[in-house]
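This is a predicted model, so every value here is computed, not measured. Residue numbers start from 1 in every chain, and the chains themselves are labelled A, B, ... in the order their sequence lines are given, proteins ahead of strands.
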Amino acid sequence: MTSVSEPAPKSNRSFNLTSAQRSRIFLNIIGIVILVLLVWRIYIVAVDRAYPIQYWAFQVINGLVLGGVYSLIALGYTLVYGILFMINFAHGEVMMMGGFAGFFTLQLMNSLGWSDGTPLQSAATVFFAILAGMIVSVLTGITLERLAYRPLRGAPRLVPLISAIGASFFLQYTALLLFGAIPHNYNKPSIISGGISVGDTGIFISYTGAFIFVAGILLMMGLFFIVQRTKLGRAMRALAEDKETAALMGIDVDKVIVLTFALGSALAGAGGVMLGFHNTVMRFNTGFIPGLKAFTAAVLGGIGNIRGAMFGSILLGVLEALGPSALGLPTEYKDVIAFSILVLVLVFRPTGLLGEVLSEKKA
Amino acid sequence: MALLVVKDVHTYYGKIHALKGLSLTVDEGEIVTLIGANGAGKTTTLRTISGVLKPRDGSVEFDNEDLASFRAHEIVYKGVSMVPEGRGIFSRLTVFENLDLGAYHRDDDDGIKQDFEKVYSLFPRLYERRKQVAGTLSGGEQQMLATGRALMARPRLMLMDEPSMGLAPILVESIFDTIHEINQEGTTILLVEQNAHMALQVAHRGYVLQTGEIVLHDSAESLRENEMVKKAYLGME
Ligand SMILES: Nc1ncnc2c1ncn2[C@@H]1O[C@H](COP(=O)(O)OP(=O)(O)OP(=O)(O)O)[C@@H](O)[C@H]1O
Ligand SMILES: [Mg+2]
C-alpha cells in the first residue's frame, strides 16, 4: 500500500509527453533539418559562384530600400491590427491609390516644367507627389473604415476579414476601370535621378534609393513620436488594451480608430509613391504583391508591434534581395522566398520575432 | 438634490433581461451603495449609467439631463467617472500615463496638476511607482491606481465597482477609508459591493439588488439592522 512512490511509474514519466509537447519536438526537428539544408545550399552556392563583394553590396542596398518601402506599408497593418485585431487586407490597395495620386501629380508637375526645373522646383515635385499620395490614401483608408469595417465591429473576426478581401478587389477593379490595365510610367523628377559611386569601391547608390530610405525613416520616426509621445498615441495604446475602459476615460473610441486608419494610410500613401519611384511603374494591381509582402513583414516582426513591423520589413527586404543569389536561384524566385518565410514564421513562431503572446482579453 | 436619477431601467444582453425596471437616486454629496449577490446586475447597472450599455427602456438622468443620447465618453465630460470591475488598468502603460488618461478630456493644465498632487498625496505609493508599467503593480496598488485615475476626471459622481474585491482585509479597510475621504472632499459616490458589511458602514443609503430588481432600499443604518440583509448579505443568523 505504501509503495506508491516506487521507481517504476517514475521512470515512465519521461515518456508521458503530452501531444502538444510531442508536436513541439517534431517541429523543432523539422526546423533544424530545414536550417541545415539551407546552410548547406548557401555554402555550396557561395563556393560555386563566388560573386564579387560589390554584387552583394548592391543587393543589400537594394534590400534596404525595398525594406524601407515595405515598412511604410507594414506599419498600417500593424497599427490597425494592434487596435482592432483585424487584418486590413485592402491596405495594399490603399497604397496603390496613393501611388496613382502620385503619378498624376508627377504628370501635372511635369507639364508645368517643375519636374526637371530648378532643384527647388524638382524637390517640390517630389514633395507634392508624396503629399498627394498620402492625402488620397488617407481618404481611401477612412472611407474603407467607415463603409466596410465599422458596421461590422463586434461581428465574429472572420466577417471583417472577408469584407477586407472584398474591399481589396473592389479597389483593384475600380482602379482598372479608372486607369486601365496599362502600366503608368512614373516620371522621375531630376533631383532624385542618377546616383553616386562610393569612392572607387564600385558600389553605386541611386539617389532614389537613398531618398526612399531616408524619407521612410523620417516618416517612421514621426509615427513613433505620435504613438509614444502624444495624447493621441496614448489613447491608441489604451484602446489597444481595452476599448470599454478607454471610453470610460473619455476617449472617443470611434475617432481614435479613424485616426489610426488615417495614420496607417498616410504612411501607405507615401510608400505607394516611393514604390512608384523605385519600380518606375504603377498599375491597378501594383498594391497586391507588395501588400502581401508588407503583411508578411508585419507577421515576421510580430503583428501589432510597431518596432516589429520596421524590423521585419528591413529583414524581409534584405532576405528577398540576397536570397535568390545566396540560394543560387533565379531572381524571379524572390516572391517564393518571401512567402516561404511567411509560412515558416507562422509554423515555427506565430508571434513573430519581436512579438508577444497576445492576451485573450484583447481578442 | 438628486444628482443621479435612474428611472425604471430595462437593460438587455441580447435576449438576457439583466435589469428589470430598476430605479434609484443618488443625491449630491452622498455615498450610496448597491449590494447584491453574484449576477444580480450590479455591474450592469453601472455600465448602463456610464453609457457603455444603453437601456432598452427607462431613463438615466444626471444633473437633470437625460443621458440617453450621449455616448460613454461624453458622459465622462458631464462629470461621471468609473472605477471599473477588475480595475481595468492599462497594464502596458505607466502609472503616470494611466492617471493622465483619467484627465483625457480636460485641458485645464493647472487643475490637472493640482489633481495629480492630490492623487499622489492620497496614494504616495503611486508617486513612487509613477514611471513603472502598471501591469507590474500589486493588486492593492492597482486598485489605488484605478481609484486615482477616476479622480483625475475631477468627477461629480464616481461609480465604483467592487473596489475591495480580492484585497487583504487590511487593504480593504484602507480602501473604505479612502472612499470616505474622497466623499468628504465633495465627490458623490455610487458604490457597488459584495462586502456589504463594510459598504453599509461607509454609505449613507443602500439599495439591495436581486436578479435585476431592487428589492429593498433604506438608510444604511436600517439596512444593517434588517433581518433579510443580515441573513443574506452580512452572514448573520
Ligand atoms: N456581456 C454579457 N453578455 C451576456 N450576459 C451578461 C453579460 N454580462 C453580464 N451578463 C449577465 O447579466 C446578469 C448580471 O450580470 P452583472 O455582471 O451585472 O452582475 P453583478 O451583480 O455585477 O455580479 P458580480 O457580483 O459577479 O460582479 C448576469 O446574469 C450575467 O450572466
Ligand atoms: Mg459585477
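- For NZ of B:Lys7, the number of neighbouring non-hydrogen atoms (other residues, nucleotides, ligands) closer than 6.0 Å is 12 at most.
- Pairing each heavy atom of B:Gly88 with each of A:Thr245, the nearest pair is O-CG2, 3.2 Å.
- Per-residue counts of heavy-atom pairs under 4.5 Å with chain A were compared for B:Met82, B:Arg149, B:Met152; the largest is that of B:Arg149.
- More than 12 heavy atoms of other shown residues, nucleotides or ligands fall within 6.0 angstrom of atom NZ in A:Lys231.
- The number of heavy-atom neighbours closer than 6.0 Å to OH of B:Tyr12, taken from other residues, nucleotides and ligands shown, is above 12.
- Proximity to chain A is absent for every atom of B:Leu159, based on heavy atoms less than 4.5 angstrom apart.
- When all heavy atoms are compared, the tightest approach of A:Gln228 to B:Glu97 is O-OE2, 4.4 Å.
- Atom CE of A:Met249 and atom CG of B:Asp100 lie 12.0 Å apart (nearest 0.5 Å).
- For OH of B:Tyr77, the number of neighbouring non-hydrogen atoms (other residues, nucleotides, ligands) closer than 6.0 Å is greater than 12.
- Nearest heavy atoms, B:Arg47 versus A:Glu244: NH2-OE1, 2.7 Å.
- Applying the side-chain hydrogen bond (donor to acceptor under 3.5 Å, both in side chains) rule to pairs touching residues 310-320 of chain A yields A:Tyr70-A:Glu320, A:Lys293-A:Glu320, sequence neighbours excluded.
- Residue pairs meeting the side-chain hydrogen bond (donor to acceptor under 3.5 Å, both in side chains) criterion with at least one partner in residues 33-43 of chain B, sequence neighbours excluded, are B:Thr43-B:Glu85, B:Thr43-B:Asp161.
- In this structure, the separation between CG on A:Asp252 and OH on B:Tyr104 is 8.0 Å, given to the nearest 0.5 Å.
- Interatomic distance, CG of A:Leu239 versus CG of B:Leu101, reported as 10.5 Å (0.5 Å rounding).
- Separating the CZ atom in A:Arg234 from the CZ atom in B:Phe96 is a distance of 5.5 Å, to the nearest 0.5 Å.
- What you find for A:Gly250 and B:Val76 is that their closest heavy atoms are N-CG2, 3.7 Å.
- Side-chain contact check for A:Glu241 versus B:Arg92: some heavy-atom pair is nearer than 4.5 Å.
- When each of B:Ala72, B:Ser91, B:Ala103, B:Pro84 is checked for heavy-atom pairs under 4.5 Å with chain A, B:Ser91 comes out on top.
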